[in-house]
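Lettering of chains follows the sequences in order, A, B, ..., and the numbering in each one begins at 1. Computation of the quantities below employed the complete heavy-atom set of this structure, encompassing side-chain atoms and omitting hydrogens, waters and symmetry-equivalent molecules. Everything quoted here is computed from the prediction, not taken from an experiment.
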Amino acid sequence: MEGLLTDLEVIRKDFPILERELADGHRLVYLDSANTSQKPQVVIDTMVDHLEHHNANIARAMHQLGAESTQAFEAARDKVAGFLNAPSRDEVIFTKNASEALNLVARTFPLGPGDRVVITEMEHHSNIVPWQLATERTGAELRWFGLTDDGRLDLSNIDELLTPQTKVVALTWVSNMLGTINPVAEIARRAHEVGAVVVLDASQAAPQLPIDVQAVDADFLAFTGHKVTGPTGIGVLWGRTELLDALPPFLGGGEMIATVSMEKSTWAPIPHKFEAGTPPIVEAVGLGAAIDYISHIGLDNIHAHEQAITGYLLDGLASVSGVKVLGPLDPAARGGAVAFELDGVHPHDVAQLLDSRGIAVRAGHHCAKPAHKRFGVQSSTRASSYLYTTPAEIDALIDGLEHTKNYFKVG
Amino acid sequence: MDLDSLYQEIILDHYRNPHHAGLREPYDAQVHHVNPTCGDEVTLRVQLDHGRVVDVSYDAEGCSISQASASVLTDLVIGQPLEEALVKHETFLALMQGKGQVEPDEDVLEDGIAFAGVAKFPARIKCALLSWMAFKDAALQAESTAKEANDV
């Protein structure tokens with residue numbers, strides 16, 4: 001199959017969990033990577049090594065371990081900056097996840113009555129709810145890009161949505177439900193014409209596309225560590241220096257101040273202004289190892305692999321009668337998460353039957369209820385691949401769906 | 001993994017042919033409950049008459065377990081004194097939360113004993129309980145409405 005990672009079997013050996021045997025002797029078939037990715041041995045080992053040999057608090061411990069821990073933490077920041085092609089490492093802010101990163105912007109960005117925030121119907125709840133809260137709090141208006149029937153952004157009313165009132169355009173780079181890859185550079189260009197800032201949710205893009213914040217001309221970008229083979233508990237907000245400098249602090253506490261007196265405090269420069277308290281140190285170190293790992297394989301190669309597997313998955317799903325895929329059917333236009341319905345069987349029951357064969361998928365609304373509503377679907381089953389996914393695992397899924405139909409006596 | 005203990009024939013029968021489905025008038029109380037993790041939803045109405053459950057009607061969207069559970073619920077509680085119906089609720093709840101260790105009482109739960117296997121699948125317990133929780137909520141609202149009416 002063209003596009004697959006050539007050393008796929010070697011790569012799979014990097015992920016100990018893929019050897020896992022589940023109930024009834026079934027080998028794990030992990031097709032839930034859009035939910036969270038599995039972790040390579042090097043990430044696990046790096047984190048264990050840090051805890052075993054270098055553990056100390058950062059930026060305040062005046063001893064050798066403190067220096068080592070600080071260096072490891074700050075090296076992770078450098079790796080993230082390189083991964084995003086950020087102009088400055090100080091623009092990389094560690095958060096606990098992408099949700100916190102998006103909340104940071106929504107909570108601190110100056111908005112008021114008469115201002116407008118534009119989001120899209122395909123957003124994850126983490127890029128909807130913070131903006132609902134922000135607009136309710138400030139009296140700004142919240143507007144939405146709609147979706148086309150084939151699961152793309154409907155940009156036909158972009159001139160109406162993007163006006164000089166529009167202060168923020170927040171959208172996902174790759175949809176976690178429809179898989180759609182959005183034309184973020186084009187939307188950023190149009191947003192900048194009216195003076196709006198662009199906030200990109202790259203949670204699904206960062207694992208599988210080369211990310212270049214300068215090339216797409218983003219203003220803020222969020223992603224999470226655990227979907228890029230890193231640990232949970234660590235996310236990233238990247239933002240332009242001048243914008244981050246202008247925002248007020250998000251959380252107050254240790255490490256985010258320049259000086260504190262009883263009358264008043266002043267703030268540390270970025271990134272520390274936004275990193276109150278002891279950060280997730282070993283998680284950041286683990287994220288650094290994860291970025292090294294996927295960068296070594298190459299994001300272009302990972303993207304090609306995902307496209308090949310996704311194409312094979314879409315073909316397989318098309319062969320199962322009663323399956324309806326949500327989102328674009330062209331693998332070149334989408335990422336590696338494919339949500340679908342199976343006629344006559346609820347997604348919960350599909351996932352349960354697949355799980356009984358060791359196949360892990362997600363069932364539900366995938367934190368994208370408005371997108372489901374747009375397509376008149378209450379919930380769906382989602383299979384999502386990653387750099388370790390093989391065609392044989394897709395075959396197992398397709399067999400599992402036929403088995404599910406037989407079990408529930410449909411089709 | 002014992003799938004057949006989860007998907008008992010009785011459950012699949014209720015799923016395919018749910019009893020008492022649809023929303024009906026009159027009703028004393030209506031509630032809307034959701035399972036936020038999966039999005040399953042039920043709108044459920046309860047009508048009481050002199051302390052007796054005379055109707056439970058519902059519109060449910062969800063998996064086989066949640067749909068079948070709503071169907072079994074209505075079979076068990078319609079026509080019962082509210083107190084009896086709430087005892088059945090308690091019994092069903094105890095069965096679901098029993099981690100598969102509770103022996104179901106067929107005299108109380110009838111077809112509901114088919115859900116004993118669900119208790120071994122933690123992810124599905126909420127599915128089985130969705131309509132039962134909605135029923136208790138609606139029934140207590142209906143009861144307090146009736147009490148207020150009597151107080152006037």
_Heavy-atom closest pair, residues His365(A) and Pro36(B)_ = NE2-O, 3.0 Å
*Please indicate whether Asp343(A) has more than 12 foreign heavy atoms, meaning atoms of other residues, nucleotides or ligands, lying under 6.0 Å from its CG.*
no
*Under 4.5 Å from a heavy atom of chain B, the part of Ser379(A) involved*: side chain
*Who among Ala123(B), Gly62(B), Ser66(B) has the most heavy-atom pairs with chain A under 4.5 Å?*
Gly62(B)
*asked:* The criterion is side chain to side chain donor-acceptor pair (under 3.5 Å); which residues satisfy it with Thr120(A), sequence neighbours excluded?
replied: Glu123(A)
*Indicate the atoms forming the closest heavy-atom contact of Gln378(A) with Asp40(B), along with that distance.*
NE2-CA, 3.1 Å
*Could you go through the salt bridge (Lys or Arg N to Asp or Glu O under 4.0 Å) check for Glu41(B) and Lys369(A) one step at a time?*
CA-CA 13 Å; Glu41(B) 301 186 31; Lys369(A) 277 194 90 165; 3.8 Å; yes
*asked:* With chain B as the partner, which of Lys409(A), His366(A), His348(A) has the greatest number of non-hydrogen pairs under 4.5 Å?
replied: His348(A)
*Using non-hydrogen atoms and a 4.5 Å limit, figure out which bit of Leu22(A) sits close to chain B: side chain, backbone, both or neither.*
neither
_So, taking the atom named CG in Leu12(B) and the one named OH in Tyr407(A), what distance separates them when rounded to the nearest 0.5 Å?_
6.5 Å
_Within this structure, what is the OH-CG distance for the pair Tyr7(B) and Asp349(A), rounded to the nearest 0.5 Å?_
3.5 Å
*Enclosure of Arg107(A) CZ (heavy-atom neighbours >12, cutoff 6.0 Å)*: no
*Top residue by heavy-atom pair count (under 4.5 Å) with chain B, among Gln352(A), His26(A), His372(A)?*
Gln352(A)
_Tell me which pairs pass ring-ring contact (aromatic ring centres under 6.0 Å, His included) where either residue lies in residues 13-39 of chain B, with sequence neighbours left out._
His14(B)-His19(B)
